[in-house]
Amino acid sequence: MPARTLEMVHLQLTKRCNLHCWFCGQWGEHGAFQGKAGNAMTTEDWLRVVESLREAEHGGAFPSVTLWGGEPLLSESFEPVARRLWELGAPMGLVTNGTLLDRHLPLCREAFKQIYVSVDGLPAVHDAIRGQGVYERVSENLKRLHGGNAKITLMSVLTPELARALPETLAAFEALQPDEVLLQTRIGLQPAEIGNYRHWLQTTFGQEAKDIAAWGVEGPMPPPPEAWQAALVSGRQYPFTVRYLPHGGEASRPYCLSPFRHAHIGWNGAVGFCTDFTDFSLGDVRETPLPELFNSELAQRFAHEVQDGRCVTCEHCSWRNSETFTL
């Protein structure tokens with residue numbers, strides 16, 4: 001059993017987003033946030049979480065913290081939380097759709113170690129998913145980021161449209177001047193897998209899985225794309241790193257280390273381990289401090305279940321590739 005060391009925390013500052021992409025598990029056609037009610041964390045709640053992370057330091061190192069949403073730059077908590085983390089010396093990451101970076105440009109340029117920006121293909125492909133003119137807006141904001149302290153990573157979901165045009169897309173990405181491009185398989189669960197997950201969560205932890213349905217697909221998923229393989233072995237040298245993040249079954253690791261290394265705090269205070277599959281909860285961080293929840297008996301039971309291969313969603317997640325969770 002791996003040692004429990006909190007290396008990274010994701011803070012989901014808001015569930016709100018200004019874009020509604022069709023494949024999104026949050027705001028897509030069947031997204032889990034459609035009509036979702038609940039008490040959102042306040043800025044004061046988030047700042048208390050930040051202070052509690054000082055208790056989670058390991059060997060003098062502050063855990064890495066990634067801010068995301070929804071779209072985190074829509075949150076009124078973004079600036080105060082990011083600034084306090086910066087003061088404490090936390091290595092910080094940001095996951096954003098890139099459209100609002102200009103609102104917080106000085107802070108984004110100076111305080112963050114890593115900024116992940118979603119770009120899903122050539123301009124026409126990207127805008128078909130995210131909205132007319134979005135690619136150009138993101139492109140302009142990326143230009144404004146250049147010269148700052150953050151490593152810039154483009155995250156691209158391997159839709160069939162992107163897979164068919166991957167060589168041309170990677171060539172076009174050169175103009176965006178990223179440090180890295182991550183290619184990710186789209187998440188899609190079959191009805192039997194959703195039923196399996198719901199049964200497992202109910203019988204093992206007494207918890208109801210409602211949000212998992214957002215990742216359901218009708219019919220089989222398309223086979224893993226081959227175009228990316230040809231592009232990566234073609235011998236072309238790009239001025240950035242290109243990485244493909246396969247899902248569970250293709251990963252080299254036997255099980256995910258997230259329950260041993262990582263915590264996710266949802267917009268409503270719910271604490272779990274996974275950023276995409278959030279039905280399992282250790283409790284509310286407003287009621288119990290994060291270090292206590294992370295080291296609880298319930299957390300250790302969940303980690304055992306994942307290690308033993310009983311969590312079906314691990315087959316649909318790229319986190320299983322991760323050996324470390326630090327930025």
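Below, each value reflects all heavy atoms present in this structure, side chains not excepted, and no hydrogens, waters or symmetry copies. Since the structure is predicted, the reported quantities are computational estimates derived from the model, not experimental observations.
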Could you tell me whether the side chains of Glu71 and Asn18 share a donor-acceptor contact shorter than 3.5 Å? no
In Å, rounded to the nearest 0.5 Å, how long is the span from CZ of Arg103 to CG of Asn141? 10.5 Å
Using distance alone, with no hydrogens and no angle criterion, decide if Thr43 and Ser77 have a side-chain donor and acceptor under 3.5 Å apart. yes
Contacts of Lys151 meeting side chain to side chain donor-acceptor pair (under 3.5 Å) (sequence neighbours excluded), chain-then-number -> none
Do Arg84 and Trp86 touch side chain to side chain, with heavy atoms closer than 4.5 Å? no
Please find the pair of heavy atoms, one from Ile194 and one from Ala213, that lie closest to each other, and give the distance. CD1-CA, 4.2 Å
Just how far is it from atom CG of Leu158 to atom CG of Leu183, taken to the nearest 0.5 Å? 5.0 Å
Regarding His30 and Trp22, do their side chains bring together a donor and an acceptor under 3.5 Å, going by distance alone? no
Can you give each donor-acceptor pair under 3.5 Å made by side-chain atoms of residues 167-177, sequence neighbours left out, with the distance rounded to 0.1 Å?
unit_1, atom_1, unit_2, atom_2, d
Thr169, OG1, Ala165, O, 2.7
Glu174, OE2, Arg236, NH2, 2.5

Is a side-chain N or O of Asn321 found less than 3.5 angstrom from the main chain of Pro246, in a donor-acceptor match? yes
Are the side chains of Ile265 and Val49 in contact, using a 4.5 Å heavy-atom criterion? yes
Main chain of Thr185, side chain of His247: is a donor-acceptor contact present, judged purely on distance under 3.5 Å? yes
For the residue pair Gln207 and Ser281, confirm or rule out a side-chain donor-acceptor distance under 3.5 Å. no
Considering only Ile, Leu, Val, Met, Phe, Trp and Tyr, and joining two whenever side-chain heavy atoms are under 4.5 Å apart, list the other residues clustered with Trp267. Trp27, Phe33
Any side-chain heavy atom of Thr5 sitting closer than 4.5 Å to one from Phe260? no
In chain order, what residues pass the side chain to side chain donor-acceptor pair (under 3.5 Å) check against Asp45, with sequence neighbours excluded? Thr42, Arg48
Say you draw a straight line from NE2 of His316 to CH2 of Trp215; how long is it, rounded to the nearest 0.5 Å? 11.5 Å
Just how far is it from atom SG of Cys311 to atom CG of Asn196, taken to the nearest 0.5 Å? 9.0 Å
Val271 and His264, any side-chain heavy atoms less than 4.5 Å apart: no
Ring pair (Phe, Tyr, Trp, His ring centres under 6.0 Å) against Phe280, all qualifying residues, sequence neighbours excluded: Phe205, Phe302
Whether the side chain of Ser322 engages the backbone of Thr324 through a donor-acceptor N/O pair (distance < 3.5 Å, no angle test) should be reported. no
Short side-chain donor-acceptor distance under 3.5 Å, Glu180 and Thr153: yes
Gap separating the CH2 atom of Trp68 from the CG atom of Leu94, nearest 0.5 angstrom: 12.0 Å
Residues which pass side chain to side chain donor-acceptor pair (under 3.5 Å) with Tyr255, listed by chain and number, not counting sequence neighbours: Gln307
Criterion side chain to side chain contact (heavy atoms under 4.5 Å, CB included) on Val138 and Val117, from CA distance to verdict: CA-CA 8 Å; Val138 172; Val117 181; 3.8 Å; yes
The complete set of side-chain hydrogen bond (donor to acceptor under 3.5 Å, both in side chains) pairs with one or both residues in residues 286-301, sequence neighbours excluded, reads Asp284-Arg286
So, does Asp279 use its side chain to make a donor-acceptor pair with the main chain of Ile212 at under 3.5 Å? yes
Distance from Ile129 atom CD1 to Ser118 atom OG, nearest 0.5 Å? 10.0 Å
Residues Arg253, Glu323: salt bridge by 4.0 Å N-O rule: yes
Measuring only between side-chain heavy atoms, which start at C-beta, is Arg243 closer than 4.5 Å to Thr241? yes
Under 3.5 Å donor-acceptor, Thr326 side chain and Glu7 backbone: no
Grab the two heavy atoms, one from Pro91 and one from Lys113, that are nearest each other, plus how far apart they are. CB-CD, 4.4 Å
Donor-acceptor check, side chain of Asp179 to backbone of Ile152, threshold 3.5 angstrom: yes or no? yes
Pairs satisfying side-chain hydrogen bond (donor to acceptor under 3.5 Å, both in side chains), at least one member in residues 122-139, at least two apart: Asp120-Arg130
Validation: residues 104-112 side-chain donor-acceptor distances under 3.5 Å, sequence neighbours left out:
unit_1, atom_1, unit_2, atom_2, d
His104, ND1, Glu79, OE2, 2.9
His104, NE2, Leu73, O, 3.4
Arg109, NH1, Arg144, O, 2.9
Arg109, NH1, Leu145, O, 3.4
Arg109, NH1, His146, O, 2.7

Who passes side chain to side chain donor-acceptor pair (under 3.5 Å) against Lys36, sequence neighbours left out? Asp211
Contacts of Trp319 that satisfy ring pair (Phe, Tyr, Trp, His ring centres under 6.0 Å) - sequence neighbours left out: His10, His262, Phe325
Do the side chain of Gln26 and the main chain of Gly69 share a donor and acceptor less than 3.5 angstrom apart? yes
Could you pull out all residues at least two apart from Glu208 that satisfy salt bridge (charged side-chain N to carboxylate O under 4.0 Å, His left out)? none
